[in-house]
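Encoded as structure tokens, the structure appears first; notes follow it.
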There are 2 protein chains.
Amino acid sequence: MSLEKNYRMTSQRKVILDELRNMYSHPTADEIYIMVRSILPRISLGTVYRNLEILSKMGLILKLEIDTHQKRFDGNSKKHYHIQCINCNRVYDINPKTVKINYSEDNPDGCKIIDYCIHFIGLCKECIEKDSICNTNFTDRSGLDGKKAEKPNFR
Amino acid sequence: MSLEKNYRMTSQRKVILDELRNMYSHPTADEIYIMVRSILPRISLGTVYRNLEILSKMGLILKLEIDTHQKRFDGNSKKHYHIQCINCNRVYDINPKTVKINYSEDNPDGCKIIDYCIHFIGLCKECIEKDSICNTNFTDRSGLDGKKAEKPNFR
DNA sequence: TTACTTGCAAATCGTTTGCGATATA
DNA sequence: TATATCGCAAACGATTTGCAAGTAA
């Protein structure tokens with residue numbers, strides 16, 4: 001008597017997984033929906049959401065909660081760090097060797113730390129290159145708060 | 001010619017700020033709405049949202065984006081660390097002295113890190129105490145994924 | 001054959017916004 | 001008095017869900 005579901009590998013699920021695994025960036029559900037529709041034009045957004053949920057339950061992908069107003073998904077299911085670009089909003093992997101975090105499990109306030117979530121904010125390679133060509137001066141963040149960045153063209 | 005708004009200190013705004021400053025935990029907008037209604041019964045949820053936004057723009061409170069499906073607010077506007085309890089879902093401050101983070105601005109992948117967001121996951125003092133009394137064994141996190149924890153009774 | 005999955009559409013939930021009335025500086 | 005703010009209700013955007021039909025194992 002198992003509580004597990006016998007998940008099936010449908011064509012929809014397979015295409016979503018493949019698309020995600022072939023990407024460098026970590027897209028939102030609606031971005032994945034657009035990509036997958038070029039292969040399966042009749043797929044629905046609900047199916048995309050359901051499959052992303054199941055694939056992450058199966059441990060095949062990662063659900064990222066970096067963006068507060070939209071979830072993002074990562075075809076690499078091993079835990080690692082991410083950076084969100086302040087210019088294009090895309091999310092990329094960060095080399096874990098460049099980061100060190102130290103904390104004591106037992107906090108003087110009486111809390112017990114079990115795990116942590118960290119993500120970085122900065123500029124991606126592509127936008128840095130664009131910056132040095134166009135002189136758009138991204139590194140000045142003043143007045144950027146709350147403004148919507150350009151929609152990323154993924155891939 | 002200033003772009004600033006001349007914010008006013010209305011009774012609603014003052015009560016929201018005071019409530020938030022007198023709290024140890026960091027509530028959601030609807031939790032604040034419930035609290036404030038006991039003082040100002042005719043206040044609307046929209047007003048609570050608008051004021052929380054303005055108070056954080058004024059730099060008097062902090063908008064926390066720890067919980068992905070609901071924003072939380074902190075009466076202490078200085079940047080500091082937080083922990084969310086896996087049992088009651090409440091968010092508390094973490095003593096910053098117990099945490100050390102090291103990273104290099106320039107990532108080998110070509111990204112440039114400007115800032116970071118970190119928060120901790122664990123157990124709050126209250127729930128640890130409840131655990132040792134009731135033997136509910138919180139520290140076993142298996143099967144907890146996605147489950148809704150009990151609604152916190154704030155204060 | 002069975003029960004998992006789909007497409008579709010409607011529902012949900014947190015949050016934002018337009019409006020005419022009210023209150024603060 | 002000018003305009004920031006209010007309460008109310010409707011709108012919004014991301015996500016979830018109910019249902020009848022379709023399909024993988």
Side-chain angles (χ1 to χ4, degrees), chain A residues 1-17 26-34 36-37 39-58 60-61 63-73 89 91 145-149 151-152, chain B residues 1-17 26-34 36-37 39-58 60-61 63-73 89 91 145-149 151-152:
Chain A
M1 173 189 137
S2 154
L3 293 167
E4 305 263 310
K5 266 208 176 189
N6 294 310
Y7 295 123
R8 295 170 184 175
M9 192 48 77
T10 61
S11 57
Q12 290 90 338
R13 192 162 299 166
K14 188 79 178 58
V15 169
I16 290 168
L17 181 59
H26 307 326
T28 57
D30 59 294
E31 287 170 353
I32 294 165
Y33 175 55
I34 293 166
V36 170
R37 250 196 320 190
I39 301 164
L40 301 169
R42 293 191 45 75
I43 199 171
S44 75
L45 184 56
T47 298
V48 171
Y49 272 105
R50 267 189 285 231
N51 276 304
L52 289 169
E53 190 59 42
I54 289 170
L55 286 168
S56 91
K57 272 207 175 69
M58 292 168 87
L60 297 174
I61 66 168
K63 202 195 311 182
L64 309 182
E65 319 224 306
I66 282 176
D67 222 314
T68 12
H69 82 289
Q70 265 182 305
K71 284 171 191 151
R72 289 180 173 272
F73 299 88
N89 274 346
V91 172
D145 197 47
K147 240 173 248 170
K148 221 165 186 163
K151 196 85 183 163
Chain B
M1 173 190 139
S2 155
L3 293 166
E4 307 262 312
K5 265 209 175 189
N6 294 311
Y7 294 122
R8 295 172 183 175
M9 191 48 76
T10 61
S11 57
Q12 290 89 339
R13 191 162 299 166
K14 189 77 177 60
V15 169
I16 291 169
L17 181 58
H26 306 326
T28 57
D30 58 294
E31 288 170 351
I32 294 165
Y33 175 53
I34 293 167
V36 169
R37 249 195 323 190
I39 301 164
L40 301 168
R42 292 191 47 73
I43 199 170
S44 75
L45 183 56
T47 297
V48 171
Y49 271 106
R50 267 188 285 231
N51 276 304
L52 289 168
E53 191 56 46
I54 289 169
L55 286 168
S56 92
K57 273 209 175 68
M58 292 168 87
L60 297 175
I61 67 169
K63 204 196 310 183
L64 309 182
E65 321 225 306
I66 283 177
D67 222 313
T68 12
H69 82 289
Q70 265 183 305
K71 285 172 192 151
R72 290 181 171 271
F73 299 87
N89 274 345
V91 172
D145 197 48
K147 240 172 250 171
K148 220 163 187 168
K151 197 83 183 166

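Just so it is clear: chains get the letters A, B, ... in the order the sequence lines come, proteins before strands, and each one is counted from 1.
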Show your reasoning for whether side-chain contact (heavy atoms from CB on, under 4.5 Å) applies to A/Leu52 and A/Lys63. CA-CA 8 Å; A/Leu52 289 169; A/Lys63 202 195 311 182; over 6 Å; no
In whole angstroms, how far is the C1' atom of C/dT6 from the CG atom of A/Leu55? 15 Å
If I take atom CG from residue B/Asn51 and atom CD1 from residue B/Ile61, how far apart are they, to the nearest 0.5 angstrom? 9.0 Å
Determine: side-chain N/O of A/Asn51 to OP1/OP2 of C/dT6, distance under 4.0 Å, yes or no. yes
Just so I know, are the side chains of B/Lys71 and A/Thr68 near enough to count as touching, which here means a heavy-atom distance under 4.5 Å? no
Atom pair distance, as rounded to whole Å: NZ in B/Lys14 and C1' in D/dT5: 17 Å
The helix from C/dT1-D/dA25 to C/dA25-D/dT1: angle between its terminal axes, five pairs each, to 10°? 40°
Check: A/Lys5 and A/Ile54 side chains under 4.5 Å, non-hydrogen atoms: no
Tell me, with the steps shown, if A/His26 and A/Ile66 meet side-chain contact (heavy atoms from CB on, under 4.5 Å). CA-CA 11 Å; A/His26 307 326; A/Ile66 282 176; over 6 Å; no
Of all heavy-atom pairs linking B/Asn89 and B/Arg72, the shortest is O-NH2, 3.2 Å
Does A/Tyr49 form a side-chain contact (heavy atoms from CB on, under 4.5 Å) with A/Glu53? I'd like the steps, not just the answer. CA-CA 6 Å; A/Tyr49 272 105; A/Glu53 190 59 42; over 6 Å; no
Name the one of A/Val15, A/Ile16, A/Thr10 that satisfies side-chain contact (heavy atoms from CB on, under 4.5 Å) with A/Arg13? A/Thr10
What's the CG-P distance between B/Asp67 and D/dT15, to the nearest Å? 15 Å
Just do the side-chain contact (heavy atoms from CB on, under 4.5 Å) check on A/Ile34 and A/Arg37 with the steps written out, would you? CA-CA 5 Å; A/Ile34 293 166; A/Arg37 250 196 320 190; 4.2 Å; yes
Taking atom P of D/dA14 as reference, at what distance in whole Å does atom CD1 of A/Ile32 sit? 14 Å
Where the side chain of A/Gln70 is defined as all heavy atoms beyond and including C-beta, which of C/dG7, D/dA14, D/dG7 is the nearest nucleotide? D/dA14
Whole-Å gap separating P (D/dA14) and CG (A/Leu52): 15 Å
Annotated protein contacts, base or backbone, on nucleotides 16-25 of chain D with a non-hydrogen cut-off under 4.0 Å, one of B, S, - each: BBB----BBS
d(CG, B/Leu40; P, C/dT22) in whole Å: 18 Å
Can you tell which of C/dT15, D/dT5, C/dC4 lies closest to the side chain of B/Arg13? D/dT5
Does B/Gln12 place a side-chain N or O at less than 4.0 Å from the phosphate oxygens OP1/OP2 of D/dG7? yes
Whole-Å distance separating the CG atom of A/Asp30 from the P atom of D/dT15: 8 Å
Which whole-number value in Å describes the distance from A/Ile34 CD1 to D/dA14 P? 11 Å
